[in-house]
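Beneath this line is the structure, given in structure tokens, with notes to follow.
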Amino acid sequence: MAGESHNWVLMVSAQTPTNIAVIKYWGKSDETLILPVNDSISVTLDPGHLCTTTTVAVSPSFEQDRMWLNGKEISLSGGRYQNCLREIRSRASEIEDKKKGIRITKKDWGKLHLHIASYNNFPTAAGLASSAAGFACLVFALAKLMNVKEDESQLSAIARQGSGSACRSLFGGFVKWIMGKEENGSDSLAVQLADEKHWDDLVIIIAVVSSRQKETSSTSGMRESVDTSLLLQHRAKEVVPKRISQMEEAIKNQDFPSFAQLTCADSNQFHAVCLDTSPPIFYMNDTSHRIISIVEKWNRFEETPQVAYTFDAGPNAVLIARNRKTATLLLQRLLYYFPPNPDTDVDSYIIGDKSILKDAGLEGRTDVEALPPPPEIKGNISSQKYQGDVSYFICTRPGRGPVLLSDESQALLNRETGLPN
Ligand SMILES: Nc1ncnc2c1ncn2[C@@H]1O[C@H](COP(=O)(O)OP(=O)(O)OP(=O)(O)O)[C@@H](O)[C@H]1O
Ligand SMILES: C[C@@](O)(CCOP(=O)(O)OP(=O)(O)O)CC(=O)O
């Protein structure tokens, strides 16, 4: 390790998106390596609205590996962090920064300690896949710092060991996690099916549903499903393989009706597997079910799907609209049924890409109050409203994969001390 003094700190910052599965991963064949029982496909969400920023630093003055998440120090002793750190370290190569007079050999990396600071620009552990963006960002940033030569797919196989769904956040656009055949998991990795520009009409609206209950974590939920659900066996063996090829075709051809039909069916089957688990797991709540009914009714009325819905291990709805026009109609419906609480203004109720609000003619509370019932329920007296049942909405779209942040002002660690800013 050559350096003029022991005071240098070398660091790298990166930003990584989250993703939403349209063909779900649910069930592992290996808990430690995190090997799934079926392939899955996801859409990467625009990091402009939901993303993780991570800064990783190395210095001979650091005495141990340390990590801060959203400003608070957390332990790195968990197996998932340890596995990612070990795998990345074993692939580190020599680096030389002549300007700073720093040289780190392959062997040095085994002895040097790391500081990691990460920030999610959305709620952590709230069913918005923070672990996916978080582990993908950790692995991506460390790979850049340590001059790891592997490509994104090979890095995805490391991120997978932090959280399964994280492997799909190494790419933008549409991504497939191939379950793989090797016992050591080396071929269980993500590949990009199409980048974010391929199908850029799609608009995504996430309904963050108010929920008081503590949910079963994905990790323990899927373990219980593997142990007890016969439907899961059938799904993994018979249903998903066909859906994966149909979904790939639908994405390739920008075939929205097939995309929507497959997305909704797969979300519903995943939740049916949860119900088939003993004891049963309930991730969706009444609000989630209501959102499904609203979308189903509208799609049927239009005679072709306008919007797809999908739900992960929680009550939040992820709604994918075929284009911007449809997204404005969707937003009008959502605000008709779920108006904000009296103390919430429309501007803080809809976050992300607010331009859709304007297109939908919804600039203030009076516009929301004036919304007419949607035509598909005309003549139906049960057009009840559910004020307060949704906490807020996030408007977004498919987005790009991880990027390095070259602007030092975005770093989360101090350049001199390597401690959080
Ligand atoms: N930015 C991050 N960097 C590293 N690890 C993170 C980061 N954000 C979250 N995590 C890890 O992920 C855990 C949260 O994962 P969890 O699966 O409970 O929630 P989630 O991913 O937000 O929601 P869900 O999986 O239900 O969509 C955190 O406790 C932490 O260990
Ligand atoms: C329902 C899902 O979101 C489950 C995600 O599970 P995780 O990736 O969070 O689980 P672990 O691998 O145990 O960390 C579906 C999906 O994202 O494919």
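Counting starts at 1 for both ligands and their atoms, following the listed order. Model, not experiment: these values are computed from the prediction.
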### Query
From atom 20 (P) of ligand 1, is the closest protein heavy-atom distance below 4.0 Å?
yes
### Message
With a 6.0 Å cut-off (strictly less than), is the heavy-atom count around NZ of K252, excluding the residue itself, greater than 12?
### Response
no
### Message
If the cut-off is 4.0 Å to any non-hydrogen atom of A21, which atoms of ligand 2 fall inside it?
### Response
16 (C), 17 (O), 18 (O)
### Query
If you count the atoms of ligand 2 from 1 in the order shown, which ones are under 4.0 Å from a heavy atom of K28?
11 (P), 12 (O), 13 (O)
### Task
Run the numbers on N83 and E87 for side chain to side chain donor-acceptor pair (under 3.5 Å), then give the verdict.
CA-CA 6 Å; N83 290 346; E87 292 302 311; over 6 Å; no
### Donor-acceptor pair between S75 and S77 side chains, under 3.5 angstrom
yes
### Task
Show which atoms of ligand 2 fall inside a sub-4.0 Å distance from at least one heavy-atom site of F270.
1 (C)
## Note on the structure
Of all protein heavy atoms, the one nearest atom 16 (P) of ligand 1 is S131 OG, 4.2 Å
### Message
At less than 4.0 angstrom from any non-hydrogen atom of I34, what atoms of ligand 2 do you find?
### Response
12 (O)
### Task
Output yes when K24 and D312 qualify as a salt bridge under the 4.0 Å nitrogen-oxygen rule, no when they do not.
yes
### Query
Is T52 near ligand 1, meaning one of its heavy atoms is under 4.0 Å from it?
yes
### Task
Consider ligand 1: state whether an atom of it lies below 4.0 angstrom from any non-hydrogen atom of R80.
no
### Query
Does CD belonging to E238 count more than 12 external heavy atoms closer than 6.0 Å?
yes
### Message
Can you report which non-hydrogen protein atom sits closest to atom 4 (C) of ligand 2, along with the distance?
### Response
Y25 O, 3.6 Å
### Which residue and heavy atom of the protein sit nearest atom 22 (O) of ligand 1, plus the separation
S130 OG, 2.6 Å
## Note on the structure
Ranking K24, R168, M222, R223 by closest non-hydrogen atom to atom 6 (O) of ligand 2, top hit is M222
### Message
Less than 4.0 Å is my threshold; does some heavy atom of G314 fall inside it relative to ligand 1?
### Response
no
### Query
Does the side chain of R168 come under 3.5 Å of the side chain of S156 through a donor N or O and an acceptor N or O?
no
### Message
Which residue and atom name correspond to the protein heavy atom nearest atom 8 (N) of ligand 1, and how close is it?
### Response
N120 ND2, 3.1 Å
### Query
What is the ring orientation for F338 with Y386, classed by angle as parallel under 30°, tilted 30 to 60°, or perpendicular over 60°?
tilted
### Task
Decide salt bridge (Lys or Arg N to Asp or Glu O under 4.0 Å) for D353 and K358; before the verdict, give the C-alpha distance in whole Å, the side-chain angles of both, and the deciding distance to 0.1 Å.
CA-CA 10 Å; D353 179 4; K358 215 165 156 200; over 6 Å; no
### Query
In the protein, what heavy atom is nearest to atom 18 (O) of ligand 1, and what distance, to one decimal place, separates them?
A125 CB, 3.9 Å
### Query
Under 3.5 Å between some N or O of ligand 1 and some N or O of S118?
yes
### Message
If the contact criterion is a heavy-atom separation under 4.0 Å, does G127 count as touching ligand 1?
### Response
yes
### Ligand-residue contact atoms, ligand 2 with G164, heavy atoms, under 4.0 Å
8 (O), 11 (P), 12 (O), 14 (O)
### Query
Centres of the Y81 and F135 rings: under 6.0 Å?
yes
#### Entry: Interfacing atoms of ligand 1 (cut-off 4.0 Å, heavy-atom, M67)
3 (N), 4 (C)
### Summary
If you scan protein heavy atoms around atom 2 (C) of ligand 1, the nearest is G134 CA, 3.3 Å
### Task
For atom CZ of R415, decide whether the heavy atoms of other residues, nucleotides or ligands shown that lie under 6.0 angstrom number more than 12.
no
### Task
Run through I251, V240, D266 and flag the one making a side-chain contact (heavy atoms from CB on, under 4.5 Å) with I41.
I251
### Query
Do M146 and I95 come close enough that some side-chain heavy atom pair is under 4.5 Å?
no
#### Entry: Sub-3.5 Å N/O-N/O distance, F135 and ligand 1
no
### Message
Can you tell me how the ring of H271 sits relative to the ring of Y283, calling it parallel under 30°, perpendicular over 60° and tilted otherwise?
### Response
perpendicular
### Query
Do W68 and Y119 have ring centroids that are under 6.0 Å from one another?
no
### Message
Counting only heavy atoms not in K354 (residues, nucleotides, ligands), do more than 12 fall under 6.0 Å from its NZ?
### Response
yes
### Task
Check ligand 1 against L128 and write out every atom of the ligand that is under 4.0 Å from a heavy-atom position of the residue.
23 (O), 27 (O)
### Summary
Here the atoms of ligand 2 under 4.0 Å from any heavy atom belonging to R80 are 11 (P), 13 (O), 14 (O)
### Query
Any non-hydrogen atom of Y81 lying under 4.0 Å from ligand 1?
yes
### Query
Taking only heavy atoms of S165, which atoms of ligand 2 are found under 4.0 Å from at least one of them?
7 (P), 8 (O), 9 (O), 17 (O)
### Message
When you measure from the heavy atoms of W177 to every atom of ligand 2, does any distance fall below 4.0 Å?
### Response
no
### Query
Where does S218 meet ligand 2, judged by heavy-atom distances below 4.0 Å: at the side chain, the backbone, both, or neither?
side chain
#### Entry: Minimum non-hydrogen distance to atom 7 (C) of ligand 1, winning option of N121, T16, T53, L69
L69
### Task
Flag T54 as yes when one of its N or O atoms lies below 3.5 Å from any N or O atom of ligand 1, and as no otherwise.
no
### Check: W177/S188 side-chain N/O donor and acceptor closer than 3.5 Å
yes
### Message
Between N19 (side chain only) and A166 (backbone N and O only), is there a donor and an acceptor less than 3.5 Å apart?
### Response
no
### Query
Nearest protein heavy atom to atom 28 (C) of ligand 1: under 4.0 Å?
no
